[in-house]
Visitor: 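Got a structure here, written out as structure tokens. Questions coming.
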Number of protein chains: 2
Amino acid sequence: MNPKLSMSLETYLEAIAELQARHGAVRTSDLAECIGCKRSSVTIALQRLAEKGLINYQVYRPVTLTEAGTQAITRLSRFHGIIEDFLENVLALPPDYAREEACRLEHSMSKRTIERMKNFLDFIRENGDEIAPGKISEVFAASLKIKTD
Amino acid sequence: MNPKLSMSLETYLEAIAELQARHGAVRTSDLAECIGCKRSSVTIALQRLAEKGLINYQVYRPVTLTEAGTQAITRLSRFHGIIEDFLENVLALPPDYAREEACRLEHSMSKRTIERMKNFLDFIRENGDEIAPGKISEVFAASLKIKTD
DNA sequence: TAACAGTGTTAGTGTAATCTAATTTTGGTG
DNA sequence: CACCAAAATTAGATTACACTAACACTGTTA
């Protein structure tokens, strides 16, 4: 029933979660707007997600996540958050860009790599001063030849 | 003629370059073996790559890269190398795993992010001792709670 | 040189994802 | 409360990519 989502369906599912958090009800046209596709494409995606048991879907009704959908999203958004954090705070990419890039990467990056990024971030935050006295972030910024503000 | 390759075609093109470097001639069945698909799928991909002017393709003949194909590969393999290097030497993933993961990521990671990884690696290699006396790689390994050998 | 094994291609099928255009449903309003 | 515009779905086409099965070519070898 849930043998891994395609990149496309992952994107739809995340958009549903985001809109649900922001506006409560999730409508087809908002999803289309959010993702940048036609409403008819959204409908097809919703049908697939419903088949997989991730959303509650009835035609002409707003959509909600099922328990399984919520679980899937929890995992996905944790992954997204780690990648975004890493891009922004290790590679010093601008926040907006880090977010977009995380959207692209989260669909192909393995759990193993993501957990390594997490460990790396945790370590730097706990032990930054031992490695390089002062703000560790400045070291990274220096590595990228960027100003820290 | 070359408005960006799909992930799939990028994979085929890289496999062609690798086999060409390793064995000279590039045959359909070796490509199929290398990529893990059927020979007929390779044929279709070769036709597409030929349409885009990236390979010299005549039915029943071995394939070679065109000038444009070689250029495209140069770019792709530089990107691949940087990602692999970063995964192996910053995130301390095992070499084999880093290579596979780089294959997955190189198709969705932006040039901008890749160049940041490059800057990061360069900086660490030039200035590692200032940041953390001794081998900087041990610091990273420590961050990931792994043994360095 | 005739035949065969292996290599390569074509034809036909299926799935996923997208689009446009037509149709159906909903919900608010005159 | 009947109607209309907006919203949503369906129908039908297209593109990309993979597969199986059938067919074509090639080069080696008996």
Side-chain angles (χ1 to χ4, degrees), chain A residues 1-16 19-20 22-65 69 72 76 103-104 106-108, chain B residues 1-16 19-20 22-65 69 72 76 103-104 106-108:
Chain A
M1 205 184 218
N2 194 346
K4 271 172 194 170
L5 293 174
S6 66
M7 289 184 186
S8 173
L9 288 186
E10 269 184 19
T11 301
Y12 281 101
L13 194 63
E14 286 181 293
I16 291 167
L19 291 178
Q20 182 166 17
R22 247 192 309 137
H23 299 117
V26 178
R27 301 185 322 157
T28 300
S29 35
D30 295 333
L31 272 172
E33 154 88 37
C34 175
I35 285 173
C37 69
K38 297 297 171 183
R39 290 198 298 276
S40 57
S41 306
V42 173
T43 300
I44 306 296
L46 295 180
Q47 291 167 350
R48 292 184 193 284
L49 289 171
E51 276 170 23
K52 292 178 190 294
L54 298 170
I55 60 172
N56 301 117
Y57 174 63
Q58 288 170 282
V59 291
Y60 297 112
R61 298 257 87 87
V63 173
T64 56
L65 293 171
L76 284 176
C103 285
R104 284 188 287 270
E106 66 188 339
H107 307 296
S108 46
Chain B
M1 206 184 216
N2 194 342
K4 270 173 196 171
L5 293 175
S6 66
M7 289 187 186
S8 174
L9 288 187
E10 269 185 17
T11 300
Y12 281 100
L13 194 64
E14 286 182 293
I16 291 167
L19 291 177
Q20 182 167 8
R22 254 200 295 142
H23 300 114
V26 178
R27 302 184 323 156
T28 300
S29 38
D30 296 334
L31 272 172
E33 153 88 38
C34 175
I35 285 171
C37 70
K38 298 298 173 183
R39 292 197 300 274
S40 57
S41 306
V42 173
T43 299
I44 307 297
L46 294 180
Q47 291 167 352
R48 290 184 193 285
L49 289 171
E51 275 170 25
K52 293 178 188 294
L54 299 170
I55 60 172
N56 300 116
Y57 174 65
Q58 288 171 279
V59 291
Y60 296 113
R61 300 255 86 88
V63 173
T64 56
L65 293 171
L76 284 176
C103 285
R104 284 188 286 271
E106 65 187 338
H107 307 295
S108 48

Visitor: B/S8 has a side chain; which of C/dA17, C/dT9, D/dA18 sits nearest to it?
Guide: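 So the nucleotide nearest the side chain must be D/dA18.
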Visitor: Provide, to the nearest angstrom, the distance between the CG atom belonging to B/L5 and the C1' atom belonging to D/dA16.
Guide: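 In whole Å, D/dA16 C1' lies 13 Å from B/L5 CG.
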Visitor: Could you tell me the separation between the CE atom of B/M7 and the OG atom of A/S108, rounded to the nearest 0.5 Å?
Guide: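 So the CE of B/M7 and the OG of A/S108 are separated by 5.5 Å.
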Visitor: State whether the distance check finds a donor on one side and an acceptor on the other, under 3.5 Å, for side chain A/S40 versus base C/dT20.
Guide: yes
Visitor: Under 4.0 Å from OP1 or OP2 of C/dA22: is there any side-chain N or O of A/R39 that close?
Guide: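 So the side chain of A/R39 is outside the cut-off, no N or O lying under 4.0 Å from OP1 or OP2 of C/dA22.
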Visitor: Using the closest heavy atom to pick a nucleotide of DNA chain C for each, name whichever of A/R61 or B/V59 lands nearer the 5' end.
Guide: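 Nearest-nucleotide comparison on DNA chain C picks B/V59.
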Visitor: Is any side-chain N or O of B/Y60 under 3.5 Å from a base N or O of C/dT7, one able to act as donor and the other as acceptor?
Guide: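 No.
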Visitor: Would a 4.5 Å heavy-atom cut-off, applied to side chains only, mark B/L13 and B/L9 as touching?
Guide: no
Visitor: As a test of reading the structure: which of D/dC17, C/dT26, C/dC19 is closest to the side chain of A/S41, going by heavy atoms?
Guide: C/dC19
Visitor: Once you round to the nearest 0.5 Å, how far does CD of B/E14 lie from SG of B/C34?
Guide: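 If I round to the nearest 0.5 Å, the distance is 10.0 Å.
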Visitor: Counting only side-chain nitrogens and oxygens, does A/Q47 get under 4.0 Å of the OP1 or OP2 atom of D/dT10?
Guide: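 A/Q47 to D/dT10 OP1/OP2: side-chain N or O found under 4.0 Å.
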Visitor: Using whole Å, what does the distance between atom C1' of nucleotide D/dA6 and atom CG of A/D30 come to?
Guide: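 Interatomic distance, CG of A/D30 to C1' of D/dA6: 13 Å.
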Visitor: To the nearest Å, how far apart are B/L46 CG and D/dA16 P?
Guide: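 From B/L46 CG to D/dA16 P: 16 Å.
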Visitor: Is the shortest side-chain N/O distance from B/S29 to OP1 or OP2 of C/dG8 below 4.0 Å?
Guide: yes
Visitor: Would you indicate, yes or no, if D/dA8 has its OP1 or OP2 atom less than 4.0 angstrom from a side-chain nitrogen or oxygen of A/Y57?
Guide: no
Visitor: Measure the distance from NZ on A/K4 to C1' on C/dA16 and round it to the nearest whole Å.
Guide: 18 Å
Visitor: Just the rounded figure in Å: distance from P of C/dG6 to CD of B/E33.
Guide: 15 Å
Visitor: Please report, rounded to the nearest Å, how far the C1' atom of D/dA16 is from the CD1 atom of B/I44.
Guide: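 To the nearest whole Å, that distance equals 11 Å.
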Visitor: In this structure, are over 12 heavy atoms from other groups packed under 6.0 Å from A/Q47 atom CD?
Guide: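 Correct, the count exceeds 12.
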Visitor: Rounded to the nearest Å, what distance is computed from the CD1 atom of residue A/I35 to the P atom of nucleotide C/dC19?
Guide: 11 Å
Visitor: Between A/V63, A/L49, A/T64, which is the residue that forms a side-chain contact (heavy atoms from CB on, under 4.5 Å) with A/Y57?
Guide: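 The passing option is A/V63.
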Visitor: Between D/dT9 and A/T43, is there an OP1 or OP2 to side-chain N/O distance shorter than 4.0 Å?
Guide: yes
Visitor: Does D/dA6 have OP1 or OP2 under 4.0 Å away from a side-chain N or O of A/R27?
Guide: no
Visitor: Given atom NZ of B/K38 and atom C1' of C/dT13, what is their separation to the nearest angstrom?
Guide: 16 Å
